[in-house]
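Input: a single structure, listed below in structure tokens.
When a ligand or atom number is given, it counts from 1 through the structure's own listing order. Position 1 is the first residue of the sequence; numbering continues from there. Since we're looking at a predicted model, the values are computed, not measured.
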Amino acid sequence: MAPAPEAQRGIPPLPFASPPGHDPALQDFLEQASSRLCAWMASAGQRPPLPGLSLMPAVEPAQGAQPADQLLADLQLVMDGAYNPGHPGALAHLDPPALGASIVAELVCAGLNNNLLAEELSPTLTRLERSLMAWLAERLGLPPGSGGVPASGGTLSNLMALVTARRSRNLAACSEAVVLASADAHVSLAKSLAVMGLPAEALQQVPVDATGAMDSAHLERQLQRLAQRGIPVIAVVATAGTTVRGAVDPLPAIATLCRRHGVWLHVDGAIGAVFALSDAHRSRVPGLGQADSLTVNPQKLLGITKTSSLLLLAEPRLLETAFGTGLPYMEPSWGGGHGGEQGIQGTRPAEVLKLWLGLRQLGLDGIEALLDGAVARRRALQELLAAIPGLRLVGGPLHLLAFTPEHGDAAAAERWSLAARQRLLEHDLMLSRPLYRGRHHLKAVLGNPHTGSAELERLAALVAATLPATP
Ligand SMILES: *Cc1c(COP(=O)(O)O)cnc(C)c1O
């Protein structure tokens, strides 16, 4: 530990590692924390996905410093009450268990405590970030020269995309401009428009077809009508993987329309874009590369620890046009631009580290195996549930599947969803309960690599038992 400075003799040493000596207390602290984390992961199967109420540790700092043992005991209480994504029955949300390399990189990221705001605060990490963004953009089909920036979540990626689109079309001062997105698009778009100072009506819904994908013929008519009325369009947002069912909008057709009308195409691929990392799965999200901007959330399926979201652009220099302010208190950039001028966030942790190390640990084969597993589990569950009379399934080409009783009104569907979710939780199976098209559904997200056929069969049997016997 670092000794207290000259002026503060008498005060105990502060808990920073002291250069240049090796700090055995820090090493021991880290090792004990790692042991506890490994024990927590190893016991995932013995705790339910959603734990009950648990004891809270003391919240406020005590007058005196607390020893490592006390801190570890406090941490343990938090761990005991945490959501448990490693349980094989954790199927509710887009929150998979954490990948090993991603955990290690997160720890190292904290220890380095670099800042992606400026190059001199994160020299190697800035370059790593820029290079990985460029690689990912090209791998996902964007043209050479494309790139982008990480963000703390898909909501921020979508917001930055729309701000960049608006700026590139010179519409920043226009209060009439609109954004078009499908009726099943994510709520973060409404939030983005609110932040951008636009009225809620500026988000114009395009209807979806029976598969949950945007109706591109309808989009064409809407674009024509807006053009005739002289109403400018900030962007069309196509979704590659909708949140309830994983539907994919017809990107090639939408891209053609956007080009014809000179409209920015943002693809919200927070769920689906990672499928294009794999040659075997790319065809599930065709046309991603035609986007002007693309949101990708490796945190949602690949096990990269939160947060890991990216905004990728065909012309990444537009980010600096939209967000650059100059950083008068920083040395000039060495050429590639400061991270703090590429987006909304100023100080940013090196989130790239856990993405980079996680992708390296998986390798392209591992990524493909992970996607294979997710799609295979969705198919298996779909087959099991399709055999149950009286159940209506809504899915798509990815790893999400939702279902609701075919019969009964919306209130009956809500009662069923509450009872069925509770019944499943009692058997350590956690699903979510989205309201979709006015009816409550149960939704399974099949990205958890620990889920096996035993869980899926148990799930289907329990669901069947929740339905009234068919006449
Ligand atoms: C989850 C999601 C988002 C938002 O991402 P966050 O990381 O939760 O902010 C945006 N779009 C879609 C389609 C999503 O599923």
Check: H186 side chain, S188 main-chain N or O, donor-acceptor pair, under 3.5 Å | yes

Nearest non-hydrogen atom to atom 4 (C) of ligand 1 belongs to which of K191, H186, Q299, K306?
-> H186

Distance-only polar pair, side chains of S122 and N115, donor-acceptor under 3.5 Å | no

Can you check whether S188 has an N/O within less than 3.5 Å of an N/O in ligand 1?
-> no

Would you find more than 12 non-hydrogen atoms of other residues, nucleotides or ligands less than 6.0 Å from R437 atom CZ?
-> yes

Do T239 and ligand 1 have an N or O pair less than 3.5 Å apart?
-> no

Proximity of T155 to ligand 1 by residue part, where a heavy atom lies under 4.0 Å | both

Logged contact type for N297 with ligand 1, heavy-atom cut-off 4.0 Å, is side chain

Would you confirm whether E457, through its side chain, and L384, through its main-chain N or O, come within 3.5 Å as a donor-acceptor pair?
-> no

Proximal atoms of ligand 1 relative to D268 (non-hydrogen, under 4.0 Å) | 10 (C), 11 (N), 12 (C), 13 (C)

Will you find, in the side chains of D184 and S182, an N or O donor that is under 3.5 Å from an N or O acceptor?
-> no

The protein heavy atom nearest to atom 2 (C) of ligand 1 is K300 NZ, 2.3 Å

Will you find, in the side chains of R47 and S43, an N or O donor that is under 3.5 Å from an N or O acceptor?
-> yes

For N158 and S192, does a side-chain donor sit closer than 3.5 Å to a side-chain acceptor?
-> no

Flag for H338-S333: side-chain donor and acceptor within less than 3.5 Å | no

Looking only at N/O atoms, are G154 and ligand 1 under 3.5 Å apart anywhere?
-> yes

Which of the atoms in ligand 1, numbered in the order shown and given with their element, are less than 4.0 Å from a heavy-atom of I271?
-> 15 (O)

Is there a donor in the side chain of N448 and an acceptor in the side chain of H87, or the other way round, less than 3.5 Å apart?
-> no

Structural part of N158 in contact with ligand 1, heavy atom criterion under 4.0 angstrom | side chain

Run the contact test for A185 against ligand 1 with a 4.0 Å cut-off on heavy atoms, strictly below, and give the result.
-> no

For G153, counting its heavy atoms only, list the atoms of ligand 1 lying under 4.0 Å from any of them.
-> 7 (O), 9 (O)

Taking only non-hydrogen atoms of G241 and a 4.0 Å limit, the atoms of ligand 1 in range are 13 (C)

